[in-house]
Amino acid sequence: MDKPRIVITELDLERLEKLLDQTPADTFPGKADLARELDRADVVDPHAIPPNTVTMNSTVRFRVMSSDEEFRLTLVYPKNVAEDGSTISILAPIGSALIGLSEGDEMEWPRPGGGTLQVRIEEVVYQPERAGEYHR
């Protein structure tokens with residue numbers, strides 16, 4: 001499966017590169033994967049990010065393709081991970097894969113106990129930039 005195009009804001013790129021610089025590789029096995037995603041991203045001014053693109057602190061509604069089950073998660077920095085399961089860290093493999101995707105994009109999601117599920121981004125329910133929140 002070809003990787004979809006990803007778009008991130010200059011502000012997210014700056015903050016994520018700083019996070020990568022401060023995070024030891026042995027505490028974050030997916031560090032190189034996130035760095036590769038950032039390297040291939042189209043970087044835009046925060047005011048120019050498409051409104052249906054996942055940025056940091058965006059809330060996303062997903063659909064599991066095999067069951068039509070839906071769920072929502074908010075992509076956050078590690079310090080903002082909620083214990084209630086409503087968030088996903090950018091340092092989690094799924095978080096790293098999610099940044100910069102858009103509505104309609106599909107991705108493989110690890111299944112508890114092994115294997116993967118195919119999920120589609122149905123809607124970016126909330127995006128800070130679309131709400132005018134550029135310095136969150």
Side-chain angles (χ1 to χ4, degrees):
M1 188 169 165
D2 289 337
K3 290 187 176 195
R5 174 179 180 252
I6 61 173
V7 182
I8 62 173
T9 68
E10 295 163 340
L11 182 59
D12 282 348
L13 178 63
E14 179 183 318
R15 289 180 176 171
L16 291 171
E17 285 177 337
K18 183 176 180 181
L19 179 64
L20 286 175
D21 288 345
Q22 296 172 346
T23 306
D26 60 343
T27 63
F28 173 37
K31 184 175 181 176
D33 292 334
L34 178 55
R36 277 193 293 279
E37 288 295 289
L38 297 178
D39 285 344
R40 76 179 190 89
D42 293 334
V43 182
V44 299
D45 179 273
H47 293 88
I49 192 83
N52 65 345
T53 298
V54 180
T55 63
M56 290 304 300
N57 300 305
S58 290
T59 300
V60 180
R61 181 171 56 91
F62 300 91
R63 178 180 306 277
V64 178
M65 301 308 291
S66 61
S67 68
D68 269 351
E69 173 190 354
E70 289 191 359
F71 61 100
R72 289 181 185 210
L73 290 172
T74 300
L75 182 64
V76 298
Y77 295 97
K79 67 181 181 180
N80 300 118
V81 172
E83 291 184 24
D84 66 3
S86 63
T87 59
I88 187 155
S89 170
I90 186 66
L91 296 185
I94 293 299
S96 295
L98 184 58
I99 187 79
L101 295 181
S102 297
E103 291 173 1
D105 286 339
E106 295 184 10
M107 59 191 295
E108 290 185 352
W109 198 280
R111 174 180 281 184
T116 59
L117 298 169
Q118 192 71 23
V119 300
R120 180 175 58 222
I121 297 173
E122 290 293 311
E123 178 185 11
V124 178
V125 177
Y126 168 77
Q127 182 203 67
E129 294 80 5
R130 186 173 66 212
E133 298 172 11
Y134 298 99
H135 300 288
R136 69 236 183 259

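Only heavy atoms go into these numbers, but all of them, side chains included; no hydrogens, no water, no symmetry mates.
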Chemist: Between the main-chain N or O of Pro51 and the side-chain N or O of Arg130, is there a donor-acceptor pair closer than 3.5 Å?
Modeler: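 Answer holds: yes.
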
Chemist: Is it possible for you to say whether Val44 and Leu11 belong to one hydrophobic cluster, with membership spreading through side-chain heavy-atom contacts below 4.5 Å?
Modeler: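 Val44 does not cluster with Leu11.
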
Chemist: Give a yes or no answer on whether the side chain of Arg63 reaches the backbone of Asp68 with a donor-acceptor pair at less than 3.5 Å.
Modeler: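 Pair found, side chain donor or acceptor close to backbone of Asp68.
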
Chemist: Locate the shortest heavy-atom distance separating Ile88 from Gly95; write the atom from each residue and the value.
Modeler: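 Here Ile88 and Gly95 meet closest at CD1-N, 4.0 Å.
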
Chemist: For a 4.5 angstrom cut-off between non-hydrogen side-chain atoms, does Asp21 reach Lys18?
Modeler: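 Asp21 vs Lys18: side chains apart.
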
Chemist: Tell me, with the steps shown, if Arg36 and Asp39 meet salt bridge (charged side-chain N to carboxylate O under 4.0 Å, His left out).
Modeler: CA-CA 5 Å; Arg36 277 193 293 279; Asp39 285 344; over 6 Å; no

Chemist: Who passes side-chain contact (heavy atoms from CB on, under 4.5 Å) against Glu10, sequence neighbours left out?
Modeler: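 Checked Glu10 against side-chain contact (heavy atoms from CB on, under 4.5 Å); matches are Val43, Asp45, Pro46.
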
Chemist: About how many Å separate CG of Leu20 and CD of Gln22, when rounded to the nearest 0.5 Å?
Modeler: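 Reported to 0.5 Å precision, the distance equals 9.5 Å.
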
Chemist: Assign the ring pair Trp109 / Phe71 to parallel, tilted or perpendicular, where the plane angle (0 to 90°) is split at 30° and 60°.
Modeler: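 Geometry flag for Phe71 against Trp109: perpendicular rings.
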
Chemist: Each residue besides Val76 in its hydrophobic cluster should be listed here, by chain and number; the cluster joins Ile, Leu, Val, Met, Phe, Trp and Tyr at side-chain heavy-atom distances under 4.5 Å.
Modeler: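 So far as hydrophobic clustering goes, Val76 is joined with Val81.
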
Chemist: Are Leu19 and Leu91 close enough that some pair of their side-chain heavy atoms sits under 4.5 Å apart?
Modeler: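 Answer yes - side chains close enough.
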
Chemist: To the nearest 0.5 angstrom, please state how far the CG atom of Asp12 sits from the OG1 atom of Thr53.
Modeler: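 The OG1 atom of Thr53 is 11.0 Å from CG of Asp12, to the nearest 0.5 Å.
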
Chemist: Can you tell me how far apart CD1 (Ile6) and CG (Leu101) are? Round to the nearest 0.5 Å.
Modeler: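 Those atoms lie 7.0 Å apart.
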
Chemist: Does the side chain of Leu98 reach to within under 4.5 Å of the side chain of Phe62, using non-hydrogen atoms?
Modeler: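 A side-chain contact exists here, since the closest heavy-atom pair is under 4.5 Å.
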
Chemist: Heavy atoms only: give me the nearest Glu103-Val124 pair and the separation to one decimal.
Modeler: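 Minimum heavy-atom separation between Glu103 and Val124: OE2-N, 2.9 Å.
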
Chemist: How many angstroms lie between atom CG of Asn57 and atom OH of Tyr77, to the nearest 0.5 angstrom?
Modeler: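 It comes to 6.5 Å.
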
Chemist: I'd like to know if Val125 and Leu73 are part of one continuous hydrophobic network [Ile/Leu/Val/Met/Phe/Trp/Tyr, side-chain heavy atoms within less than 4.5 Å].
Modeler: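 In one cluster with Leu73: Val125, no.
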
Chemist: Is any side-chain heavy atom of Met56 closer than 4.5 Å to a side-chain heavy atom of Arg15?
Modeler: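 Heavy-atom side-chain distance check fails, nothing below 4.5 Å.
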
Chemist: With side chains defined as the heavy atoms from C-beta onward, is the minimum distance between Pro128 and Thr55 less than 4.5 Å?
Modeler: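 Side-chain contact under 4.5 Å: yes.
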
Chemist: Should Ile90 and Val7 be regarded as members of a common hydrophobic cluster, given that ILVMFWY residues are connected when their side-chain heavy atoms come within less than 4.5 Å of each other, either directly or indirectly?
Modeler: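 Unlinked, Ile90 and Val7 end up in two clusters.
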
Chemist: For Glu14, check side chain to side chain donor-acceptor pair (under 3.5 Å) against everything at least two apart and list the hits.
Modeler: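 Glu14 satisfies side chain to side chain donor-acceptor pair (under 3.5 Å) with no residue once adjacent residues are dropped.
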
Chemist: Would you say Met107 and Val119 make side-chain contact, with heavy atoms under 4.5 Å?
Modeler: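 In contact.
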
Chemist: Going from OG1 on Thr9 to NE2 on His47, what distance comes out if it is rounded to the nearest 0.5 angstrom?
Modeler: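 Answer rounded to 0.5 Å: 11.0 Å.
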
Chemist: Testing the basics here: between Gly100 and Ile8, what is the closest heavy-atom pair and its distance to 0.1 Å?
Modeler: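 The pair with the smallest heavy-atom distance is CA-CG2, 4.1 Å.
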
Chemist: Once you round to the nearest 0.5 Å, how far does CG of Leu75 lie from OG of Ser89?
Modeler: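 The OG atom of Ser89 is 8.0 Å from CG of Leu75, to the nearest 0.5 Å.
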
Chemist: Report yes if the side chains of Ile49 and Gln127 come closer than 4.5 Å at any heavy-atom pair, otherwise no.
Modeler: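 The answer is yes; the side chains approach within 4.5 Å.
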
Chemist: Quick one, Tyr126 and Glu133 - any side-chain contact, counting heavy atoms below 4.5 Å?
Modeler: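 Sidechains of Glu133 and Tyr126: in contact.
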
